[in-house]
Amino acid sequence: HDSSREAPYFAKAPPVFIMGKDLRAIFSRRHSYATKSNKTLKVKTPGGSLVLHQLKKRSKGPRCGETGMTLHGIKKLKMKAYKNVHKREKTVKRAYGGSLCGKAVRDRILRAFLIEEQKIVKKIESEKKK
């Protein structure tokens with residue numbers, strides 16, 4: 001018979017499905033819901049098994065007291081963690097370094113300067129009237 005012809009559809013072998021590795025991991029603690037406080041990271045161990053590492057929440061970091069913007073140049077840590085950090089990582093070398101942003105400090109300086117100028121102008125006007 002002719003070998004170039006294909007076998008009829010009912011004579012073909014069924015397709016073979018190859019299962020992949022089991023990529024499921026189980027929460028190791030009693031808290032079983034996927035909430036903000038129960039974030040995990042899948043990690044492959046040297047033995048080949050898949051385990052979950054518990055992640056800590058990330059801090060929002062320090063913010064400006066006036067504008068509420070995040071402060072640049074300061075580490076984003078939890079409050080307790082600042083205890084173990086160098087001073088240069090907690091502040092910026094500027095007036096109000098670790099508490100106000102640069103824009104807020106600039107506005108304060110400008111406001112103080114303009115108030116002083118206003119006082120001088122009022123003093124001169126009052127002398128002219130006399």
Side-chain angles (χ1 to χ4, degrees):
H1 69 63
D2 191 12
S3 62
S4 63
R5 281 191 335 175
E6 260 189 56
Y9 72 95
F10 51 83
K12 285 184 182 174
V16 178
F17 294 105
I18 299 167
M19 297 294 289
K21 277 193 174 177
D22 189 14
L23 297 175
R24 293 174 297 178
I26 300 164
F27 285 122
S28 59
R29 300 185 183 180
R30 288 170 188 260
H31 188 191
S32 61
Y33 299 104
T35 58
K36 282 198 295 182
S37 62
N38 199 21
K39 288 250 168 63
T40 54
L41 181 73
K42 287 182 180 178
V43 178
K44 197 74 156 286
T45 61
S49 60
L50 201 65
V51 295
L52 291 177
H53 279 188
Q54 208 78 17
L55 295 177
K56 289 183 178 172
K57 279 187 176 180
R58 305 238 358 230
S59 172
K60 279 177 82 177
R63 304 200 163 249
C64 175
E66 273 187 23
T67 61
M69 302 290 288
T70 54
L71 295 176
H72 298 297
I74 298 171
K75 279 198 164 183
K76 281 186 175 182
L77 301 171
K78 298 274 181 92
M79 286 309 295
K80 285 184 178 180
Y82 283 110
K83 180 173 57 114
N84 305 321
V85 170
H86 293 288
K87 185 179 178 182
R88 63 183 160 76
E89 294 169 307
K90 292 185 268 193
T91 61
V92 179
K93 290 183 178 173
R94 189 197 325 114
Y96 301 100
S99 59
L100 294 180
C101 65
K103 186 177 182 295
V105 174
R106 194 184 316 130
D107 290 347
R108 276 191 180 196
I109 292 167
L110 194 63
R111 193 182 305 122
F113 172 73
L114 292 172
I115 289 168
E116 288 298 316
E117 287 290 308
Q118 194 71 28
K119 284 179 185 174
I120 292 166
V121 169
K122 278 184 182 177
K123 200 176 200 180
I124 292 168
E125 285 180 0
S126 65
E127 286 176 3
K128 279 184 181 177
K129 285 180 181 178
K130 285 183 180 178

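Predicted model only: the values in this text are computed from it and were never measured. Start at 1 with the first residue, then count along the sequence.
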If you group Ile, Leu, Val, Met, Phe, Trp and Tyr whenever their side-chain heavy atoms sit less than 4.5 Å apart, what else falls in with Phe113? Leu110, Leu114
Only counting residues at least two apart or in another chain, list the ones meeting side-chain contact (heavy atoms from CB on, under 4.5 Å) with His53. Val43, Val51
Tell me the salt bridge (Lys or Arg N to Asp or Glu O under 4.0 Å) pairs involving residues 64-73, sequence neighbours left out? Glu66-Arg108
Does CD1 belonging to Ile26 count more than 12 external heavy atoms closer than 6.0 Å? no
Tell me, please, which residues at least two apart from Arg58 pass salt bridge (Lys or Arg N to Asp or Glu O under 4.0 Å). none
Under 3.5 Å, sequence neighbours excluded: what are the donor-acceptor pairs made by side chains of residues 78-89?
| residue | atom | partner | partner atom | Å |
| --- | --- | --- | --- | --- |
| Tyr82 | OH | Lys75 | O | 2.5 |
| Tyr82 | OH | Leu77 | N | 3.4 |
| Glu89 | OE1 | His86 | N | 3.2 |
| Glu89 | OE2 | Lys75 | NZ | 3.3 |

Sorted by chain and residue number, the side-chain hydrogen bond (donor to acceptor under 3.5 Å, both in side chains) partners of Arg24 (sequence neighbours excluded) come out as Asp22
What's the shortest heavy-atom distance between Ala104 and Cys64, and which atoms? CB-SG, 4.0 Å
List the residues meeting side-chain contact (heavy atoms from CB on, under 4.5 Å) with Val105, not counting sequence neighbours, and say none if there are none. Arg94, Tyr96, Leu100, Ile109
Between Glu125 and Lys129, is any pair of side-chain heavy atoms under 4.5 Å apart? no
May I ask you to list the residues sharing a hydrophobic cluster with Phe27, side-chain cutoff 4.5 Å, ordered by chain and number? Leu52
What pairs with Ser126 under side-chain hydrogen bond (donor to acceptor under 3.5 Å, both in side chains), at least two apart in sequence or on another chain? none
Who pairs with Lys103 by salt bridge (Lys or Arg N to Asp or Glu O under 4.0 Å), at least two apart in sequence or on another chain? Asp107
Residue set satisfying salt bridge (Lys or Arg N to Asp or Glu O under 4.0 Å) with Glu116, at least two apart, ordered chain then number -> Lys119
If you round to the nearest 0.5 Å, how far is NE2 of His72 from OG1 of Thr70? 5.0 Å
Going by side chain to side chain donor-acceptor pair (under 3.5 Å), name the pairs with one or both residues in residues 39-48, residues two or more places apart or in two chains. Thr45-Ser49
